[in-house]
Protein chains: 2
Amino acid sequence: MTERQTQHPQRGRAPTLIDVAKVAGVSPITVSRALNQPERVSEKARAKVTAAVEKTGYLPNMLAGSLATQSSRLVALIVPTIANPIFAETVRAITETLEQAGYQTLLGLSGYSEAQEQDLLEAILCRRPDGIILTGLNHTDISRTRLKAAAIPIVETWDLGDQPLDALVGFSHLDVGRSVGQYLLNQGHRRFAAISADDQRAEDRLAGFIQVLDEAGISPDAVERLETPARFSQGRQAFARLLEQEIRAEAVYCSSDTLAQGVLTEARARNIDIPGDMALIGFGDLDFAAHTLPSLTSVQINGAEIGYRAAQHLLSAMTGEHPPTEPVTIDVGFQIVKRDSA
Amino acid sequence: MTERQTQHPQRGRAPTLIDVAKVAGVSPITVSRALNQPERVSEKARAKVTAAVEKTGYLPNMLAGSLATQSSRLVALIVPTIANPIFAETVRAITETLEQAGYQTLLGLSGYSEAQEQDLLEAILCRRPDGIILTGLNHTDISRTRLKAAAIPIVETWDLGDQPLDALVGFSHLDVGRSVGQYLLNQGHRRFAAISADDQRAEDRLAGFIQVLDEAGISPDAVERLETPARFSQGRQAFARLLEQEIRAEAVYCSSDTLAQGVLTEARARNIDIPGDMALIGFGDLDFAAHTLPSLTSVQINGAEIGYRAAQHLLSAMTGEHPPTEPVTIDVGFQIVKRDSA
DNA sequence: TTGAAAGCGCTAACAG
DNA sequence: CTGTTAGCGCTTTCAA
């Protein structure tokens, strides 16, 4: 009398394709086809399946599906942080674009650390993503090896360089720094101070800035370097330190809008008018900067565009529209924008 | 002469457990055990397996593993947006906590829409997450049905209420509104204006605010309602509209720091001193507000704490430390903080 | 401590 | 248009 009921789906077990097939009175494969390639099934069968799915509350098990198909419809995305709105925008654009194409996004936060990125990568690659989007060009050797072994489309973002793993969507940080320097020189400034975070891309921008000053025979009066991620309050403090050292620059370069905002706040507290008494330049996302830094100049990056282009490229690579491509580089550019004073 | 090579892992195919087993000279199951329960395997076998893994560059296929184990080590997380730093913090805290416990996070952005949440849910539940974290208490009926059918631990966040699906980690938005009203009344203010977004939680806060004024026999001179997500510039414009209507409140209530910041900017442009001439109160994350709104009062929420507690609860539920629990409610609270002027 | 057999839920390939 | 068979890569019995 201990016979188990196998007539209808058991309590506590999610209904499977087989349960649906039984209820619909067709074979499992017909259910599978009705769900995934409806055009390859008679209208009658389709109706029976639809009803059975409804009745059982069936939800496909994608773990099984992906295993059989060898395609997970999953994309891995690794960014340093989402606390910085500039990356939040990129993440949003990517998830949105991929979602529409039927892909899900597995998010990893590396905290600007290559080691952490490597750990994330190991965990994530086990899930067999169909593609992967990374931030920057710097990865550990082990990461590079694993990525190559995974043999899936890769897009690196937020930078430009010679040796991308696969596709690359970004802009040149050295050029950003150079442009900023040139811009400030053109404004007639000759005495500079710089406040910069110490991650690779911020360093690249700073290097460009210093390079262009150097070409004009100028070197900055002071360079303050802060640990990434550099916060508002650190920017404020760094500027205060400069003032205490009697450094009176005509223009202050900041590696990010966040830092520039700190400088702005400290300047206000000391009745230094920006941009009247001193030029101040930041770097960040169009939207964010417009909202929080209405009274200064900034290098504007379109985080969303980077995301869209990266996702679109990845999609076309994953759906195999082009064969194992040559590495592609997309330069999304940047611009220096002078906003009205608040 | 068209015989296929099956001797060693083929090019283009990722090595499997069986490949590793062959190289190691043991059975597949021994490899599995060496990897997942090393203590149940002889030291000798373990060494052989480790070497073979190294040599083949083997990476476990979690799709297969999860299918066999019926456990994905995946957690679904749905938030309205990550553009708002308050949610970004929660997301960070959650992914970090789960990562340490060996879980990955599948992120969905609902854009404050229940319909979109439902779509995300359908896609995500197909991947058989072991647990799920949602924002707020409002879900479509279909979402509720699916969530119950999934039979996995659920944590709802950012709100408090009577009918949680399972666990609940948040605070009372009505109480926030009431506290703000009481605070401003205690300061001696009697003429108020309110600028609020129109999502459920902002509406709840506003209702609390109006309620407490009402109890004091006061009604606000004006209430501006903005569509969620409400941006900086809209807050600024809303305040400008109030001024044009000759509404001169002693205190302005804003449903978020972002809006308050817009008001602050417009006030500065018109030489209205905050908090000297007019009180202004916002709502948001401690860190964010401290960075961007140094000169006003704000209700402070700890987004990271909500994330930590939610993730911790979910972990203990998933690892089955407690049996199918009674619904748990965790009130993380909030506080009103007056900051120094910049 | 190790292995053989069976199966997780689904779909590709082939037949009918 | 529909069904049968076999297998995706792993782990769970159970037995040696």
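In what follows, chains carry the letters A, B, and so on, assigned in the order in which the sequence lines appear, proteins first and then strands, with residues in each chain numbered from 1.
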N/O donor-acceptor pair under 3.5 Å between A:D19 side chain and A:T16 backbone: yes
Side-chain contact, heavy-atom cut-off 4.5 Å: B:H139 with B:L121? no
Would you kindly give the CZ-to-C1' distance between B:R127 and C:dG9, to the nearest whole Å? 15 Å
Spell out, as yes or no, whether a donor-acceptor pair under 3.5 Å connects the side chain of A:R128 to the backbone of A:L74. no
Counting only N and O atoms by type, is there a donor-acceptor contact under 3.5 Å from the side chain of B:T105 to the main-chain atoms of B:L107? no
Please check if the number of heavy atoms outside A:Q163 that lie under 6.0 Å from its CD is greater than 12. no
What nitrogen or oxygen pairs link the protein and nucleotides 6-10 of chain D at under 3.5 Å?
| unit_1 | atom_1 | unit_2 | atom_2 | d |
| --- | --- | --- | --- | --- |
| D:dC8 | O2 | A:A68 | N | 3.4 |
| D:dG9 | N2 | B:A64 | O | 3.3 |
| D:dC10 | OP1 | B:Y58 | OH | 2.3 |
| D:dC10 | OP1 | B:N61 | N | 3.2 |
| D:dC10 | OP2 | B:L17 | N | 2.4 |

Let me know, please, whether B:P28 or A:I29 comes out on the 5' side of the other along DNA chain C by nearest nucleotide. B:P28
Phosphate OP1/OP2 of C:dC8: any B:S66 side-chain N/O under 4.0 Å: no
Using only atom types and a distance under 3.5 Å, with no angle test, would you say the side chain of B:R92 pairs donor to acceptor with the backbone of A:L109? no
Side-chain heavy-atom pair B:C126, A:L59 within 4.5 angstrom cut-off: yes
Nucleotides 14-16 of chain D: which of its N/O atoms have a protein N/O under 3.5 Å away?
none

Side chain of B:S27 (C-beta onward), nearest among D:dT4, D:dT2, C:dG3: C:dG3
Counting distance only, does the side-chain N/O of B:E156 pair as donor-acceptor with the main-chain N or O of B:L165 below 3.5 Å? yes
